[in-house]
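Would you mind keeping the following structure in view while I ask a few things?
Keep in mind that what you see is a predicted model, and the values were worked out from it rather than measured. One-based numbering, in listed order, for ligands and for the atoms of each. In this chain, numbering begins with 1 at the start of the sequence shown.
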Amino acid sequence: MLPQMVDAQALARQGEYAALVRALLAERFGRQPAAYVHTYGCQGNEADGERLQGMLAEMGFSLCDDPARADFVLLNTCAIREHAEDRVLGNVGRLKTQRQESNTMRIALCGCMVQQAHMARRLRAHYPFIDLLFGTHAIHRLPELLYRLYSTDRRIIDITGEPGAITEGLPLRRESGFKAWLPVMYGCDNFCSYCVVPLVRGRERSRTPRAILEEARGLINAGYKEITLLGQNVNSYRSEGWDFPRLLRELDKLEGDYWLRFMTSHPKDCSHELLDAMAAGAHIARHLHLPVQSGCDRILREMNRKYTSEQYLDVVRYARQVMPDLSLTGDVIVGFPGESYEDFRETLALVEHAQYTSLFTFIFSAREGTRAASMPDLVSHEEKVRWLQELTSLQEGIAAKRCAGRIGQCERVLCEGKGKRLALMGRTGGSQIIEFDGPEALIGHFVQVKILQAKNWLLDGVINEK
Ligand code: SAH
Ligand code: SF4
Ligand code: F3S
């Protein structure tokens with residue numbers, strides 16, 4: 001079945017609303033209004049944030065980086081863990097006084113947190129100073145929502161439980177001039193038992209190969225050096241008979257000097273064909289982010305991850321066989337309901353085997369509406385913190401050893417900005433941060449860097465002119 005598209009007519013109507021908002025605000029403010037947008041959460045959400053900023057610019061807003069100076073504050077939220085939601089609520093609390101002291105300030109919340117019915121109810125009841133609430137499926141309707149907000153001066157709420165559509169052609173304000181997010185698919189059908197994403201992002205749907213290739217071509221021609229293909233399950237991409245390996249191979253054929261990255265891959269869809277496409281690619285960075293979540297088969301089953309630890313390690317083995325220089329990263333959840341210390345030790349064993357470059361570790365957070373939220377969870381938080389520390393110190397040792405083994409090697413690095421310890425910082429193909437000295441003019445360009453020092457997982461190097 002073809003995914004539902006937001007049609008050209010509906011999009012044109014939003015363009016008309018944008019013009020109305022622009023005129024209305026010009027008259028009301030007598031100056032250019034300023035907007036502040038802050039995005040929490042994953043890269044997919046950041047890509048949404050760039051579209052929200054694009055629409056705001058189209059409506060005549062300037063974009064600023066200080067909420068205190070903004071007429072319109074938009075928080076694009078994340079619901080993945082309780083901590084993510086607490087951060088948003090803390091920031092909203094701080095905005096309350098500013099909202100009361102300012103005549104013009106309006107506050108809006110959107111994104112995954114707002115898309116949850118229970119949270120929308122809570123925000124509506126306990127945060128009356130939030131002027132606009134809209135969910136993930138209403139992003140393209142921002143011009144219409146702002147028109148309703150400013151023309152009625154009443155609170156606006158737009159949260160619908162749609163399966164999710166695709167919108168092409170929204171205005172876009174990219175954060176960087178050399179690194180770009182390129183969403184290729186949206187939503188998730190996997191329903192891992194702990195995860196809120198399928199509930200707030202709708203069903204899986206993929207953009208057409210043509211739209212993706214066109215966007216990639218445009219980026220490369222505009223001088224972008226790194227394109228990251230995005231999807232919650234990027235490797236379950238499927239459109240018009242194309243699968244993800246084919247998409248990668250075709251993108252890799254585009255002329256130019258650039259890196260292709262992609263995330264996040266689900267182990268169940270990480271086929272040999274995909275790894276072969278990576279290995280054969282001229283532009284594909286040798287980095288694979290492959291979250292494992294647990295090394296215990298019973299827990300993996302309870303998580304509904306659809307693979308065993310052995311199947312996961314088989315994928316890793318094949319990946320390293322065809323790409324000996326591969327950088328592997330992963331995610332682990334510690335303290336899933338019913339997990340015992342013995343189960344957790346199987347995760348430690350898997351991490352030892354997998355030899356990650358780096359690992360993102362999270363303590364299980366119960367998410368309303370997910371199956372795991374109602375499973376008995378008897379291990380104390382303190383105990384889980386101790387397990388997490390055991391895991392992070394194991395991983396630190398692995399990372400330090402792997403880094404130390406690379407001293408003296410020379411790597412291609414995309415220079416991304418100013419460093420903390422040395423003048424510049426950049427990222428290797430394996431997505432590791434490295435610092436080195438050099439002129440700021442190198443930011444946004446590839447450089448060859450020789451690794452000189454490794455302090456745990458921090459790399460320092462020197463530019464290697466050849
Ligand atoms: N789609 C990706 C990751 C999505 S969320 C995948 O399937 O791998 C990013 C990470 O957050 C997950 O890999 C998981 O490790 C973590 N995570 C998700 N839900 C969580 C929860 N309820 N509690 C703790 N960590 C969670
Ligand atoms: Fe969440 Fe699982 Fe989907 Fe990843 S694959 S987004 S963890 S449900
Ligand atoms: Fe968070 Fe939504 Fe992404 S829950 S991790 S912002 S898809």
At a 4.0 Å cut-off, with the gap strictly under it, does some heavy atom of Val197 reach an atom of ligand 1? no

Just so I know, are the side chains of Leu394 and Glu390 near enough to count as touching, which here means a heavy-atom distance under 4.5 Å? no

Are there over 12 heavy-atom neighbours, none belonging to Glu396, within less than 6.0 Å of that residue's CD? yes

Check the angle between the aromatic planes of Phe336 and Phe364 and answer parallel, tilted or perpendicular using the 30° and 60° thresholds. perpendicular

Counting both backbone and side chain atoms, is some N or O of Gln232 under 3.5 Å from an N or O of ligand 1? yes

Return a yes/no value for Asn233: is any of its N or O atoms, backbone included, closer than 3.5 angstrom to an N or O of ligand 1? no

Protein heavy atom at shortest distance from atom 24 (C) of ligand 1: Ile363 O, 3.4 Å

Pick one of side chain, backbone, both or neither for how Met113 approaches ligand 3, counting any non-hydrogen atom pair under 4.0 Å. neither

At under 4.0 Å between heavy atoms, which part of Phe362 makes contact with ligand 1: side chain, backbone, both or neither? side chain

Residue, atom and distance of the protein heavy atom nearest atom 5 (S) of ligand 1 read Ile80 CD1, 3.5 Å

Candidate pair Arg367 and Gln116, rule side chain to side chain donor-acceptor pair (under 3.5 Å), full reasoning: CA-CA 10 Å; Arg367 305 286 65 213; Gln116 307 168 98; 4.6 Å; no

Any atoms of ligand 1 less than 4.0 Å from a non-hydrogen atom of Arg367? List them with their elements. 22 (N)

What I want to check is whether the side chains of Glu204 and Gln232 have a donor and an acceptor closer together than 3.5 Å. no

With heavy atoms under 4.0 Å as the rule, classify the contact between Gln293 and ligand 2 as side chain, backbone, both or neither. neither

Compute the shortest N/O to N/O distance between Arg305 and ligand 1 and return yes if it is under 3.5 Å, no if not. yes

Pairwise side-chain contact, Glu339 with Val379, heavy-atom cut-off 4.5 Å (strictly under): no

Enumerated ligand 3 atoms positioned under 4.0 Å from heavy atoms of Cys42: 3 (Fe), 5 (S), 6 (S), 7 (S)

At under 4.0 Å between heavy atoms, what of Pro198 touches ligand 2? The answer is side chain

Heavy-atom contact under 4.0 Å between Ala79 and ligand 3? yes

Of all the atoms in ligand 2, which lie at a distance below 4.0 Å from a heavy atom belonging to His266? 5 (S)

Do Asn45 and Arg201 have side-chain N/O donor and acceptor atoms under 3.5 Å apart? yes

Ligand 1 atoms nearer than 4.0 angstrom to some heavy atom of Phe364 are 23 (N), 24 (C)

Relative to the ring of Phe244, is the ring of Phe262 parallel (under 30°), tilted (30 to 60°) or perpendicular (over 60°)? perpendicular

Is the number of heavy atoms from other residues, nucleotides or ligands under 6.0 Å of Arg217 CZ greater than 12? yes

Under 4.0 Å to a heavy atom of Tyr194 - the qualifying atoms of ligand 2, by number: 7 (S)

Ring geometry between Tyr147 and Tyr17 (parallel below 30°, tilted from 30 to 60°, perpendicular above 60°): tilted

Within the 4.0 Å heavy-atom shell around Gln293, which atoms of ligand 1 are there? 8 (O), 12 (C), 13 (O), 14 (C), 15 (O)

Just which atoms of ligand 3 are under 4.0 Å from any heavy atom in Cys78? 1 (Fe), 4 (S), 5 (S), 6 (S)

Numbering as shown, the atoms of ligand 2 that approach Asn190 to under 4.0 Å (heavy-atom distance): 5 (S)

Nearest non-hydrogen protein atom, atom 1 (Fe) of ligand 2: Cys195 SG, 2.3 Å

Among Cys192, Pro267, Gly231, which one puts a heavy atom closest to atom 8 (S) of ligand 2? Cys192

Counting from 1, what ligand 3 atoms have a heavy atom of Gln232 closer than 4.0 Å? 3 (Fe), 7 (S)

Counting from 1 in the order shown, the ligand 3 atoms closer than 4.0 Å to a non-hydrogen atom of Arg201 are 7 (S)

Polar contact flag for Ser365 and ligand 1 (N/O pairs, less than 3.5 Å): yes

Does Val196 approach ligand 2 within less than 4.0 angstrom via side chain, backbone, both or neither, non-hydrogen atoms only? neither

Just checking Lys401: does its NZ atom have more than 12 heavy atoms from other residues, nucleotides or ligands closer to it than 6.0 angstrom? no

Taking the six-membered ring for Trp, are His289 and Phe360 ring centroids under 6.0 Å apart? yes

Between Ala10 and Asp7, what is the shortest heavy-atom contact and its length? N-OD1, 2.8 Å

Check the angle between the aromatic planes of His266 and Tyr307 and answer parallel, tilted or perpendicular using the 30° and 60° thresholds. perpendicular

Closest non-hydrogen contact found for Asn233 with Cys188 is ND2-SG, 3.1 Å

Does the structure place the NZ or CZ of Arg87 under 6.0 Å from the centre of the six-membered ring of Tyr40, at an angle of no more than 45° from the ring's axis? no

So, does Ser294 use its side chain to make a donor-acceptor pair with the main chain of Ile299 at under 3.5 Å? no

Is there a salt bridge (Lys or Arg N to Asp or Glu O under 4.0 Å) between Glu168 and Arg210? Walk through the geometry before answering. CA-CA 11 Å; Glu168 292 292 353; Arg210 187 157 43 86; over 6 Å; no

Look at atom 2 (Fe) of ligand 3 and say which protein heavy atom is nearest, naming residue and atom and giving the distance to 0.1 Å. Cys112 SG, 2.2 Å

Students should be able to answer this: which protein heavy-atom is nearest to atom 4 (Fe) of ligand 2, and at what distance? Arg305 NH1, 4.3 Å

Give the residue and atom name of whichever protein heavy atom lies nearest to atom 19 (N) of ligand 1, and the separation in Å to one decimal. Tyr194 CD1, 3.3 Å

Under 4.0 angstrom from ligand 2, any heavy atom of Arg201? no

Need the ligand 1 atom indices (1-based, order shown) with element for anything under 4.0 Å from a heavy-atom of Pro291. 8 (O), 13 (O)

Return the residue, atom name and 0.1 Å-rounded distance of the protein heavy atom closest to atom 11 (O) of ligand 1. Arg81 NH1, 2.9 Å

Using a 4.0 Å heavy-atom cut-off, say whether Cys188 meets ligand 2 through its side chain, its backbone, both or neither. side chain

List the atom of Ala216, the atom of Leu254, and the distance in Å for their closest heavy-atom pair. CB-CD1, 3.8 Å

Less than 3.5 Å between some nitrogen or oxygen of Asp331 and one of ligand 1, yes or no? yes

